[in-house]
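The block underneath contains the structure these notes are about, expressed in structure tokens.
To find a chain, count down the sequence lines: A is the first, B the second, and so on, and within it residues start at 1.
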Amino acid sequence: MNILFQSVNSSKHFLTQSYDSVLKRNEMSTASEVIDVEGGVDDHYLELSPEPVKFEPADDVTDVFFDDSKQQVFAIRSGGVTGVLVKSREHNINFRMDDKGPVISIKFSPDMNILAIQRTVTSVEFINYDSNSSLTGPEYSQSCKSKNASILGFVWTHGNEILFVTDHGVELFQVIPEKRIVKTLKSLSIPVNWFIFCPQSHVVLLSSGQQGVLMQALYITVGNLHKIPKFEMEAIASKPGKLAVSERDVALGILYGVPSIIVIRHQSGDNFCSSGAFVHVYTIHKMVVIRKSHILKLDMNGRFAINVVDNIIIVHHQASRTSIIFDIMLPGVSDGTVIHHTAIAPPKPIKPYSLRVPGPNISEYIDEPCELYSPKWVVFQPNIVIDSKLGCLWYVELRLSSLVKLMTDKVQLIEFLMQRKNSKQLLIQIVKDLVMKMPATLMDLPAIFNKLNTVYRSHLENEMQSVIGTPLQSNAKIQSSGSNELKYKIFLDQSDIYSHILSNLSESNIDSKMLVWILLEYIRSLSEHGIPVQHYLHELIITTLVHKQAYYQLHQLLQYHVVSDSKPLACLLLSLENHYPAAHQLALDMLKRLGNAHEEIVEVLLSKGQILPALRYIRGVGMVDQACSRKFLEVAKSANDPILFYSVYKFFEQRNLRLHNSTGFPKSERCQPYVQHFKQLFLQSDNNGCGNSDTASTMSNVSS
Amino acid sequence: MSKSEVTLEHFYIFNSTYAKKEGEEKNKILYYHPPKTDIDSQIRNIGLTEAIIKFTESFNPGQTCDYCHTHKTRQIYYQPEPNFWMVMIIGVPYITKEKDGNEYMEYQSDEVLNSTCQSITKQMYNIFRLFMGSFNTILNEPDYGSVTLLRHKLDHFYSRYLSSLKLNNCDIVDVFQGLQFLPLDKVTFLRVQCFMNLLESTFPQIQYTAFLYNDQLVWSGLEPESMQVVYSYLVNTLLPDYLEKELEGGLMPNHSISPFTTSHYGKFITGPSSVNDVKKLPKVFIYHSIKPTQLYLIVYRTLSATVCLFVNNKINSLFYSSLDAFLGVQLTSLVNEVAEECSKHAIMATDSSTKYLYFNKLNLAYKSTMHGDNRRFLFTNATPEVLRIITDINFDSQRLNETSEIIIKTMSDYWIVGKLSNLREFYVVMQNKNANIIEIDEEVKRLCEQHLKSIFFH
């Protein structure tokens with residue numbers, strides 16, 4: 001959209017002063033000064049981008065235009081040959097063109113190969129552009145098709161396609177720069193009061209009808225126009241001759257991936273003082289249905305302008321020089337069809353901004369404060385503010401770190417942050433702060449963990465689906481949110497929570513009891529969402545409980561299988577036996593449940609000298625043939641119990657007989673010492689006299 | 001032919017060091033039951049006990065005598081604290097028979113089991129210690145601590161306690177004094193656990209918590225040794241009494257509404273019965289470390305769930321109402337979740353004539369299908385003979401290896417199998433005249449597979 005700055009009346013977002021608002025503004029500014037002096041706290045949650053796009057301010061010889069599709073500022077200096085300066089974040093172009101009269105609107109095509117210039121209300125001129133050789137004439141032009149119509153404006157839609165909007169309808173053309181011709185593609189007739197275009201969603205909103213309440217939205221695809229069913233906005237008593245909904249009160253944007261129409265609804269004269277204005281949000285679903293879905297309560301009156309940053313609706317209020325913000329994804333009060341929201345945080349001004357300007361002395365610069373919410377401000381979608389007098393274009397940005405201090409409901413704060421871009425570090429910090437304020441914050445943690453894990457789970461589901469191509473067996477209680485919604489959410493997974501929050505806690509001075517509470521709450525939430533808990537969380541809870549010697553609590557957790565079984569955990573438990581005898585039993589149970597830890601079980605039993613149970617065990621699980629006979633015989637020998645040794649020896653002789661048809665031990669099993677020992681104990685006649693002492697001690701034990 | 005019951009002949013507590021000189025013997029006596037016994041008999045009986053203890057000690061120094069069998073009595077000696085002895089003398093039941101026209105009594109010595117009696121004596125001490133504190137704690141009480149106070153407290157406590165003691169109904173369950181845990185899935189358990197944590201964090205006065213569902217334990221913040229005593233008090237005394245009172249009041253048990261609000265079913269069992277009535281709370285002594293902590297026991301019940309809170313500070317009515325507000329609503333929904341989860345488990349329970357009993361001495365978990373659910377004093381599914389044999393196996397098992405198995409067939413065609421492994425005990429009882437030992441072994445294996453699948457039990 002194209003605005004001529006000099007002509008005040010035609011710029012729709014212009015925050016003009018009315019008598020009322022001047023008065024109010026003065027009041028407000030004194031109030032805000034007081035706050036600034038006394039508070040000194042930096043709670044500005046909005047700021048202007050530090051590096052503005054600077055351009056030549058509008059004056060008598062310079063006209064300034066802004067194209068919000070390509071976000072380019074055009075400064076056109078007339079007089080003989082027109083000098084054009086195009087500025088944006090990416091571009092800084094200047095070229096000359098012939099002066100063929102005052103320009104109404106000027107815009108580059110998306111690829112910047114054609115420049116469209118509107119000088120009259122009936123036609124648009126085109127001129128090819130090349131970044132090397134600048135304009136390559138001659139110009140060619142296209143007038144609107146319908147008779148007696150005047151062009152309200154034009155927009156580049158896709159590639160070289162251009163849409164004219166006239167007061168009689170819309171016309172879609174294709175420009176062919178090589179041949180310098182323009183082809184008509186489509187047209188639609190409908191009376192139009194005004195129009196706005198959203199370059200991201202390619203939606204054009206047309207105001208139609210006498211009162212201006214009828215809205216026709218069009219979805220522009222390549223070479224085609226799609227009508228989205230008409231809808232009406234409620235008529236609010238307005239002055240005769242004025243439209244019920246004016247262009248300046250409407251903005252198009254995309255909120256959480258859904259094209260939306262954001263409309264400021266002022267209160268009519270009668271209740272002007274009693275209640276504030278509202279913002280109505282209409283959402284366009286699948287380019288088929290338009291529904292009023294949200295109502296935002298402003299609690300203020302006067303001039304407003306809208307921006308959208310990171311799916312947050314920002315409403316600037318000129319009179320009070322503040323802005324308020326809304327997030328339609330946060331829970332509100334539903335009346336069945338529409339959700340009513342209040343502001344996320346109290347209204348606050350944009351952070352004071354200073355511009356570096358040349359000082360009184362050469363080569364010196366001073367920082368000059370800019371007037372914020374100036375009458376010279378013009379606001380564009382999605383987040384652009386232009387000061388025509390200063391010649392600055394800023395992008396409005398969120399300062400989340402200040403905003404979080406103003407949000408008192410911590411659960412809502414977490415939900416809010418999860419929906420922001422690049423907020424992960426902040427999210428971690430907030431959760432960490434909460435955790436450090438235990439135990440008072442334990443109340444909020446269940447809801448917070450549940451929120452994080454709901455998204456975490458959906459994310460895992462999506463990941464799984466993309467890997468195996470089949471849906472993960474869904475936990476009945478969790479409604480999987482659409483992947484579309486998921487795109488706008490960040491979350492913390494187990495490794496984030498562990499490495500950034502929990503693992504540091506054990507070193508900090510937080511009570512280990514609190515750590516256990518947090519861990520259990522987190523594990524509960526993960527389990528409820530059907531997310532497998534990672535071993536490091538289990539290890540942390542075990543070591544913490546061991547550290548505070550809460551063995552019985554640990555026992556109960558294991559008893560109810562809160563901690564998943566694994567060999568490393570079983571080993572950890574075995575090592576705890578000296579502190580807590582039952583750990584041995586728990587470890588054995590865990591090994592048994594694992595189902596593949598036969599060797600470990602045998603080791604554990606043998607280490608306790610439980611040779612017969614170990615033999616019984618390997619027989620039970622059918623592992624006799626693989627068992628290492630030497631190990632058993634060694635333990636049996638050191639038990640100094642000849643009868644036990646005899647039993648074990650005979651057990652393996654039986655095995656040998658079955659495997660090798662002989663009772664002898666194969667050489668590979670290296671059992672010679674035990675064969676010898678057996679002979680010494682039970683076959684005295686073969687005794688060759690060696691190892692007498694050993695035998696003697698064994699025998700004495702038997703007799704004792 | 002008539003048969004008498006097991007009777008409590010005498011029960012006394014004494015400390016020999018309180019009588020140094022001759023003639024001061026009665027100073028030793030701290031408590032004597034029956035109280036009507038004349039003082040000379042009291043002194044004589046205690047003297048005899050002292051003599052037996054002294055005499056036996058010379059054979060096995062350092063190891064005191066635990067019990068003594070006489071023809072008509074069984075005497076149990078227990079020294080809970082240095083120099084303090086608790087002695088229980090039990091009358092052995094007898095059958096009056098006639099031979100050649102003369103009546104005579106045949107004493108059934110087998111029917112009194114030492115381990116059961118010993119456990120009961122210990123239990124009697126533990127429950128006293130829970131509510132009154134240890135003997136030494138009472139003696140050293142800062143204001144009035146004295147032997148007189150101890151005598152007074154013993155008298156106050158045991159005169160009531162002994163009247164409710166039912167020796168005839170004691171069996172293996174009293175030996176174990178186990179805790180019945182509620183089988184529950186991990187998520188529901190975690191919900192209970194987190195709820196209790198939240199409770200503790202909200203009310204910092206709370207030191208320990210426990211959560212029961214019906215008679216089964218879900219969570220205990222107390223150490224098992226302490227919980228054992230509290231559990232037994234709750235399940236055998238407090239909760240049955242409460243439910244009985246509720247029934248008498250004509251109200252449906254579990255469904256009477258809270259005195260504070262009408263929006264939930266929560267009620268204080270110990271604590272105020274209405275907003276204005278702040279009843280005296282029971283005090284309990286918890287011996288976790290060397291120094292005992294004295295705490296108030298608040299028991300709160302919602303539907304089938306019982307929450308025990310061990311609270312340190314003096315509590316005002318504001319605490320009660322905020323506690324009630326916190327517990328009432330949240331607990332109601334939690335109980336419903338637990339109940340739902342339990343109903344899933346309940347389907348696979350209850351079958352066949354085969355009964356079993358399980359005990360794990362490490363966490364004191366116990367489960368029995370031989371005993372009725374909560375009213376275990378009223379009926380058991382197994383005969384006293386069977387329970388006695390199980391008690392005997394248990395006693396013998398203490399001298400056996402860690403892993404062992406015993407199979408017994410009784411004259412009345414009961415098969416009793418005792419299996420020990422990994423410090424757990426598992427007893428199976430079947431009545432099957434025609435079964436052989438192989439079939440019994442298979443049945444036991446099947447039961448193990450069914451019930452002990454998730455533990456190491458070989």
Side-chain angles (χ1 to χ4, degrees), chain A residues 438-443 445-446 449 477 513-514 516-518 520-530 533 550-553 555-565 580-593 601 604-605 608-610 612-614 616-617 619-621, chain B residues 179 181-204 208-211 217-227 288-289 326 330 337 360-365 401-405 420-424 445 448 452-458:
Chain A
M438 284 282 285
T441 47
L442 187 63
M443 205 63 126
L445 286 184
F449 286 147
K477 283 190 179 167
K513 194 175 181 177
M514 307 293 158
V516 172
W517 287 351
I518 298 162
L520 284 175
E521 198 61 63
Y522 188 56
I523 293 174
R524 176 205 57 79
S525 180
L526 286 173
S527 310
E528 267 181 32
H529 287 81
V533 180
Y551 297 115
Y552 193 48
Q553 185 171 12
H555 198 131
Q556 291 178 71
L557 292 184
L558 288 162
Q559 201 175 316
Y560 283 102
H561 307 308
V562 169
V563 178
S564 310
D565 303 334
Y580 185 58
H584 183 261
Q585 188 189 62
L586 290 166
L588 265 183
D589 293 346
M590 192 177 274
L591 289 172
K592 148 90 195 278
R593 282 193 299 269
I601 289 176
V604 169
L605 291 174
K608 288 268 149 187
Q610 297 190 345
L612 293 181
R616 228 174 284 149
Y617 180 78
R619 200 172 55 188
V621 296
Chain B
L179 309 168
F181 283 93
L182 182 73
L184 214 55
D185 71 308
K186 146 177 142 177
V187 171
T188 317
F189 172 76
L190 276 169
R191 281 194 191 132
V192 172
Q193 169 89 77
C194 289
F195 176 74
M196 301 312 273
N197 292 345
L198 192 56
L199 191 63
E200 268 189 65
S201 78
T202 314
F203 301 95
Y208 306 104
T209 55
F211 187 101
L217 193 64
V218 178
W219 153 250
S220 160
L222 285 181
E223 291 301 307
E225 296 73 30
S226 307
M227 194 60 219
H288 270 190
S289 48
F326 183 94
Q330 299 204 46
E337 276 172 41
N360 178 1
K361 75 168 116 181
L362 289 180
N363 66 349
L364 302 174
N401 270 326
E402 278 191 47
T403 310
S404 54
E405 189 170 335
L420 281 101
S421 168
N422 201 9
L423 297 173
R424 292 178 170 106
K445 271 191 188 141
C448 286
L452 310 175
K453 211 176 165 182
S454 67
I455 58 171
F456 183 84
F457 194 81
H458 273 272

Can you measure from [atom1] ([X]) to [atom2] ([Y]) and round to the nearest 0.5 angstrom?
X	Y	atom1	atom2	value
A:Y552	B:L364	OH	CG	6.0 Å
A:H555	B:S220	NE2	OG	12.0 Å
B:C194	A:I523	SG	CD1	9.0 Å
B:S454	A:R593	OG	CZ	5.5 Å
A:M590	B:F456	CE	CZ	15.0 Å

| B:Q193 vs A:L557 side-chain heavy atoms within contact, under 4.5 Å | yes
| query | Would you say the side chain of A:H584 lies within less than 4.5 Å of the side chain of B:L423, judging by non-hydrogen atoms? | reply |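 Heavy-atom side-chain distance check fails, nothing below 4.5 Å.
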Heavy-atom cut-off 4.5 Å, strictly under: side chain, backbone, both or neither for [X] against chain A?
X	answer
B:F326	side chain
B:L452	backbone
B:E223	both
B:K453	backbone

| Of all heavy-atom pairs between B:N422 and A:Q585, which one has the smallest distance, and what is that distance? | O-NE2, 2.7 Å
| query | Judged by modelled atom types alone, do A:Q559 and B:N363 share a side-chain donor-acceptor pair under 3.5 Å? | reply | yes
| request: Answer yes or no: does atom NZ of B:K186 have more than 12 heavy-atom neighbours from other residues, nucleotides or ligands under 6.0 Å? | output: yes
| Top contributor to chain B interface from A:H561, A:Q556, A:R616 [non-hydrogen pairs under 4.5 Å] |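 The residue among A:H561, A:Q556, A:R616 with the greatest pair count is A:Q556.
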| field | Mutual orientation of the aromatic rings belonging to A:Y560 and B:F189 [parallel < 30°, tilted 30-60°, perpendicular > 60°] | value |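 The rings of A:Y560 and B:F189 lie parallel, inter-plane angle below 30°.
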| said: Applying side-chain contact (heavy atoms from CB on, under 4.5 Å) to B:N197 and A:R524, what does each step give before you reach the verdict? | reply: CA-CA 12 Å; B:N197 292 345; A:R524 176 205 57 79; over 6 Å; no
| said: Looking only at heavy atoms and a cut-off of under 4.5 Å, which of B:T188, B:L198, B:T202 has the most pairs with chain A? | reply: B:L198
| task | Answer with side chain, backbone, both or neither: which region of A:K608 has an atom nearer than 4.5 Å to a non-hydrogen atom of chain B? | result |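 Answer is neither: A:K608 stays 4.5 Å or more from chain B.
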